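Atoms considered below: every heavy atom in the structure, side chains included; atoms not considered: hydrogens, waters and symmetry mates. The shown structure was predicted, so the numbers you read here are calculated from the model rather than taken from an experiment.
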Amino acid sequence: MLTILIVDDEKEELEGISFLIDKLGFKLYKVFADNGNQALEYLQNHKVDILFTDIRMPRMDGLELIKLAKNENPNLKIIIYSGYADFAYAQSAINLEVSEYILKPIKVEEFEKSLKRVMERVKRTELEHELYSQTARYAQNHLLYKALNHSDSLSEADTKLLENFDICYTKLFLLEFDQSFFDIISFRFEDWIAEAIPYPFDYLNLNVSQCLLLFKGGERDMRKSFYEIAMDLYDKIEGDLGYTCYIALSSEGNRNRNLSEKFAQLERLMEYRFFVSYTRIFEEEKLLEEINTPSPGDALLLDKIRKEVSAKDFNKIYMYVDLLFQKYQNKTNYSQLYVKFVFSTLYHAIITEFGECSEDEISLYIDKLYRCSDLLDLKSILQNTLQEFEKREESSGDAGHDIDLVKKYIEKHYQEELNLYSLAEKVYLSPSYLCARFKRITGFGINKYIKNVRMERAEQLVVDTNMKIIDICEQVGYHNLSYFCQSYKEHFGKTPEKYRQHNVKEDRGAGKNKEEI
């Protein structure tokens, strides 16, 4: 309901205007003020759509009130009514962009027409503002998507636009679902989550199972820690919607840190979902706390690494080794001898499994570890050895053959339900290993590759055929039209329909030029 503020120092006039509004059936929320100062105070603290004011009033006249009110709200629609029908007032009203000027005594027919026109202008302004906001939001999301995935190739114009949008974030949440969540739900998840989180954030949908929340403020601006906010969000998604969601939290740090670096950190953290069963919230500091236990915990971690060494799952080996290194980094309560013993035990398990070494050769390798002067040297030796064995394993068969099979399967079956688990089964790999291997070889994740394939095919159908957009949506593996259109616009910068119209115009223009030549 629109709000109208009626200002007059005569009580009878206020009552008369209120009566007319009710009699003519206008659905307006009415507020009254008997002087300009009182009206301005209300305008400064409340949303008002229409200001209906007399001109001649004590303390502050109507024209001065209008000037100050316009400073508070440039979109405010104003109706002046006055018994002084001289040109000077009318001219001042025009200069102040007053919507309507009504003379006293008020004629009912004139009052009704004026109020209808003003209410229509208010609604038109609101609609224009909403359309502008949507366009700006789509442009921002399109730039965000590019910044997350192609930060090195952003043009100068893109970089300037990013600055204008103030795209500078302290904390990112990556949400991931087991299934094609965004292609299933029938509501706007962005609106739902805005009600669930009482803090400002920007939102970006990435694919059918992932979305990103981007926060500009720090924890000092909030009543809860980001980890607690993530826990509340997880509980609400599972409790109210009945879906399981995994949430990865970036480190809170430099607001100007490269977005693609933060996003890469989130993707690495999300890989922990395949290894850790006790939590659905992944934050680097919390994960380190979990493993930062006294030495008895090392035996369990070493057993897990041995298991993955036997399975030759290098992704898990790297992950557990990295956890072990982070555990002892900057820790002085462990002796050097003990730390070297832990890593030599691990090193022995690795070279025994992958290498063809005698016991004497193994002893030489272990001795090399004990001679290390710091933890970084230990890490370097172990990682180099792992990389060497991984290259050997890959070269023993067709390097990248399994990834080629996955890519071909996606390109052939993009219309079907696709996810990491089902694709991993096709090539007999663990989901975590396929995820890391796919990204290492192709340079981007599986979900992004699936989306790119679907979007490329959708673009062909939009430009080269007359198929209905809803049919194209189903043809490329989407089941939710609004989600498909949103994804298309984020990917190409325009909705499918606008993209089609734009390319048809370009083709016609090219054809015309050819004829002229």
If you take all heavy atoms of [X] and [Y], which pair is closest and at what distance?
X      : Y      : answer
Gln265 : Ser251 : NE2-OG, 2.8 Å
Arg457 : Val476 : CG-CG1, 3.8 Å
Thr495 : Lys489 : CG2-CD, 3.7 Å
Arg500 : Leu461 : NH2-O, 3.5 Å
Leu423 : Ile446 : CD1-CG2, 3.7 Å
Cys485 : Ile469 : SG-CG2, 4.2 Å

**Report entry** Qualifying residues under side-chain contact (heavy atoms from CB on, under 4.5 Å), relative to Asn419, sequence neighbours excluded
**Finding:** Glu417, Tyr421, Ser422
Query raised in the report: Sequence neighbours excluded, which residues qualify as side-chain contact (heavy atoms from CB on, under 4.5 Å) partners of Asp471?
Result: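 Only Met467, Lys468 meet the side-chain contact (heavy atoms from CB on, under 4.5 Å) criterion with Asp471.
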Query raised in the report: Are the side chain of Asp183 and the backbone of His479 linked by a donor-acceptor contact shorter than 3.5 Å?
Result: yes
Report task. Check whether any side-chain N or O of Asn480 sits under 3.5 Å from a backbone N or O of Ile185 as a donor-acceptor pair, and report yes or no. Result ->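 Side chain of Asn480 to backbone of Ile185, a donor-acceptor pair under 3.5 Å: yes, one is there.
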Going from [atom1] on [X] to [atom2] on [Y], what distance comes out if it is rounded to the nearest 0.5 angstrom?
X      : Y      : atom1 : atom2 : result
Tyr414 : Leu418 : OH    : CG    : 11.5 Å
Leu382 : Leu369 : CG    : CG    : 7.5 Å
Leu269 : Leu172 : CG    : CG    : 11.5 Å
Leu378 : Lys368 : CG    : NZ    : 11.5 Å
Met455 : Ile450 : CE    : CD1   : 12.0 Å
Asn73  : Gln44  : CG    : CD    : 12.0 Å

Query - Working for side-chain contact (heavy atoms from CB on, under 4.5 Å), residues Gln210 and Leu174 - result: CA-CA 7 Å; Gln210 289 182 323; Leu174 176 62; 4.1 Å; yes
[X]-[Y] side chain donor-acceptor pair, cut-off 3.5 Å:
X      : Y      : answer
Gln387 : Gln383 : no
Tyr243 : Asp178 : no
Gln179 : Ser209 : no
Tyr449 : Glu411 : yes

With a 3.5 Å cut-off and sequence neighbours excluded, list the donor-acceptor pairs that the side chains of residues 225-233 form with protein atoms.
residue : atom : partner : partner atom : Å
Ser225  : OG   : Glu228  : N            : 3.1
Ser225  : OG   : Glu228  : OE1          : 3.4
Glu228  : OE1  : Ser225  : N            : 2.9
Asp232  : OD2  : Lys224  : NZ           : 2.4

Within the 4.5 Å heavy-atom criterion, are [X] and [Y] side-chain neighbours or not?
X      : Y      : answer
Phe263 : Leu206 : yes
Tyr483 : Val208 : yes
Ile381 : Phe343 : no
Asn205 : Gln486 : yes

Requested in this report: Could you tell me whether Lys451 and Glu456 have a side-chain N and a carboxylate O separated by less than 4.0 Å?
Outcome: no
Requested in this report: Answer yes when Lys408 and Asp404 have at least one side-chain N-carboxylate O distance shorter than 4.0 Å, and no when they do not.
Outcome: no
Query raised in the report: Between Arg454 and Tyr478, is NZ or CZ placed under 6.0 angstrom from the six-membered ring centre and within 45° of the ring axis?
Result: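 Because its charged atom sits under 6.0 Å from the ring centre and within 45° of the axis, Arg454 does stack over Tyr478.
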So with a 6.0 Å cut-off around [atom1] of [X], is the heavy-atom count from everything else above 12?
X      : atom1 : result
Ile470 : CD1   : no
Glu416 : CD    : yes
Asn466 : CG    : no

Query raised in the report: Would the Phe181 and Phe189 ring centres measure less than 6.0 Å apart?
Result: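 Phe181 vs Phe189: aromatic centres under 6.0 Å.
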Report task. Classify the angle between the aromatic ring planes of Tyr488 and Phe492 as parallel (below 30°), tilted (30 to 60°) or perpendicular (above 60°). Result ->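 Rings of Tyr488 and Phe492: tilted, 30 to 60°.
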Requested in this report: Go through Glu176 and Arg280 one step at a time and tell me if the salt bridge (charged side-chain N to carboxylate O under 4.0 Å, His left out) criterion holds.
Outcome: CA-CA 10 Å; Glu176 182 169 301; Arg280 298 289 186 271; over 6 Å; no
Query - Given Tyr199, Tyr203, Phe173, the one that forms ring pair (Phe, Tyr, Trp, His ring centres under 6.0 Å) with Phe215 - result: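 With Phe215 as partner, ring pair (Phe, Tyr, Trp, His ring centres under 6.0 Å) holds for just one option, Phe173.
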Requested in this report: Verify side-chain contact (heavy atoms from CB on, under 4.5 Å) between Thr244 and Phe177, making sure each step is shown before the conclusion.
Outcome: CA-CA 6 Å; Thr244 298; Phe177 296 84; over 6 Å; no
